[in-house]
Amino acid sequence: SKMARVKAHELRQKSKKDLLSQLDELKKELSTLRVAQVTSGPASKLSKIKVMRRAVATVLTVMNQKQRTELANVYKGTNKKPLDLRFKKTRAIRRRLTKHESTRRTVRQAKKDTHFPKRLYAVKASA
C-alpha cells in the first residue's frame, strides 16, 4: 500500500484506536519490505525501509506524548506524581530545601526580629 509521509501534527488529531490501527498497518508493510530485502527485491522497496521505520517511530512517539499529557492532566494539582512526570534537574537540586522550607524561622528568631529590629543610624561623614 502506497502511503504518504506520516506527519505528527496530523497524528495528534487521531484517536488512540486509529493510531493503533495505523501502527499495525505500518508494521505489516515494514515486514513485507523486510521480506523483499531478504529475497533481494527491487531497490525502491529497500530504500523504503528507512521511511517506514521512521513512520513507525513517529506514530509511537505521538502515542507516548498523548499518554503523558493525559497522565499529566490526571496528576495536575496533586502532591504525589509518578517519577517520570516530576522535574528532573539534578540530584542536588532535588534534595535542596524548598523555597518555603529555606525561608522559615524558629519562633525564637521571629521574636528576636520583632523585638530588636535593625537599627538605622544616620552617620555624619567625617570631613
Side-chain angles (χ1 to χ4, degrees):
S1 61
K2 183 77 184 136
M3 296 183 84
R5 199 165 160 269
V6 177
K7 292 187 172 70
H9 69 92
E10 289 168 4
L11 291 176
R12 287 196 180 92
Q13 263 69 64
K14 294 188 174 186
S15 67
K16 190 176 180 182
K17 202 170 128 190
D18 293 340
L19 285 172
L20 283 169
S21 65
Q22 185 164 0
L23 185 65
D24 215 38
E25 283 174 35
L26 290 170
K27 283 188 171 178
K28 276 184 189 144
E29 191 170 343
L30 186 59
S31 66
T32 59
L33 289 172
R34 290 244 165 87
V35 169
Q37 185 182 28
V38 172
T39 59
S40 59
S44 60
K45 279 197 168 184
L46 298 184
S47 61
K48 215 174 159 203
I49 288 179
K50 186 177 181 181
V51 178
M52 295 311 301
R53 289 184 64 207
R54 285 247 173 97
V56 169
T58 308
V59 173
L60 285 171
T61 302
V62 169
M63 282 171 66
N64 281 327
Q65 284 175 343
K66 284 181 91 160
Q67 191 178 13
R68 279 179 70 87
T69 50
E70 283 168 21
L71 268 178
N73 289 336
V74 169
Y75 285 100
K76 185 168 260 158
T78 57
N79 274 350
K80 304 280 188 276
K81 283 187 185 136
L83 293 177
D84 58 341
L85 288 181
R86 295 180 197 176
F87 63 91
K88 182 92 160 76
K89 307 245 181 191
T90 63
R91 193 160 183 262
I93 291 174
R94 292 196 302 269
R95 303 276 182 286
R96 200 187 288 164
L97 289 177
T98 63
K99 189 81 181 150
H100 175 71
E101 289 167 341
S102 60
T103 54
R104 288 194 67 188
R105 295 184 322 213
T106 61
V107 174
R108 182 179 177 139
Q109 188 61 49
K111 281 181 186 171
K112 271 187 186 176
D113 292 347
T114 53
H115 294 306
F116 302 101
K118 188 142 182 83
R119 305 272 186 230
L120 295 174
Y121 298 103
V123 179
K124 196 176 123 195
S126 54

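Both backbone and side-chain heavy atoms feed into the values below; hydrogens, waters and symmetry mates do not. Everything numeric here is computed off the predicted structure, so don't read it as measured data.
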Open item on the list: Going by the rule salt bridge (Lys or Arg N to Asp or Glu O under 4.0 Å), which residues pair with Asp18 if we only count those two or more places apart in sequence or in a different chain?
Closed with: none
Open item on the list: Could you see if Leu20 belongs to whatever hydrophobic cluster contains Val62? Use Ile, Leu, Val, Met, Phe, Trp, Tyr and a side-chain cutoff under 4.5 Å.
Closed with: yes
Task: Tyr75: hydrophobic cluster co-members (side-chain, 4.5 Å) - done: Leu71, Val74, Leu85
- [ ] Would you mind listing every salt bridge (Lys or Arg N to Asp or Glu O under 4.0 Å) that reaches into residues 65-91, with sequence neighbours excluded?
- [x] Arg68-Asp84
TODO: Starting at CD of Gln37, measure out to NZ of Lys48 and round the result to the nearest 0.5 Å.
DONE: 14.5 Å
Open item on the list: If we ignore hydrogens and angles and just use 3.5 Å, is the side chain of Glu101 paired with the main-chain N or O of Thr98 as donor and acceptor?
Closed with: yes
Open item on the list: Strictly by side-chain hydrogen bond (donor to acceptor under 3.5 Å, both in side chains), give each pair with a member in residues 50-65 just once, sequence neighbours left out.
Closed with: Arg12-Gln65
Task: 4.5 Å side-chain heavy-atom contact, Val56 and Leu60 - done: yes
- [ ] Determine whether Leu33 and Val51 fall in the same hydrophobic cluster, where Ile, Leu, Val, Met, Phe, Trp and Tyr are linked whenever their side-chain heavy atoms lie under 4.5 Å apart.
- [x] no
Open item on the list: Could you list the cluster mates of Leu120? Members are the ILVMFWY residues connected by side-chain heavy atoms closer than 4.5 Å, either directly or through other members.
Closed with: none
Task: Ile93 CD1 to Arg96 CZ distance, which is reported to the nearest 0.5 Å - done: 5.0 Å
Task: side-chain contact (heavy atoms from CB on, under 4.5 Å) assessment of Leu11 paired with Gln22 - done: CA-CA 10 Å; Leu11 291 176; Gln22 185 164 0; 3.3 Å; yes
- [ ] Taking salt bridge (Lys or Arg N to Asp or Glu O under 4.0 Å) as the test, write out the residues that go with Lys28, two or more places apart.
- [x] Asp24
- [ ] State plainly whether one hydrophobic cluster holds both Met63 and Leu26, where clusters connect Ile, Leu, Val, Met, Phe, Trp and Tyr through side-chain heavy atoms under 4.5 angstrom apart.
- [x] yes
Task: Atom pair CG/CZ of Leu46 and Arg34 - distance to nearest 0.5 Å - done: 11.5 Å
Task: Arg94 atom CZ, over 12 foreign heavy atoms within 6.0 Å - done: yes
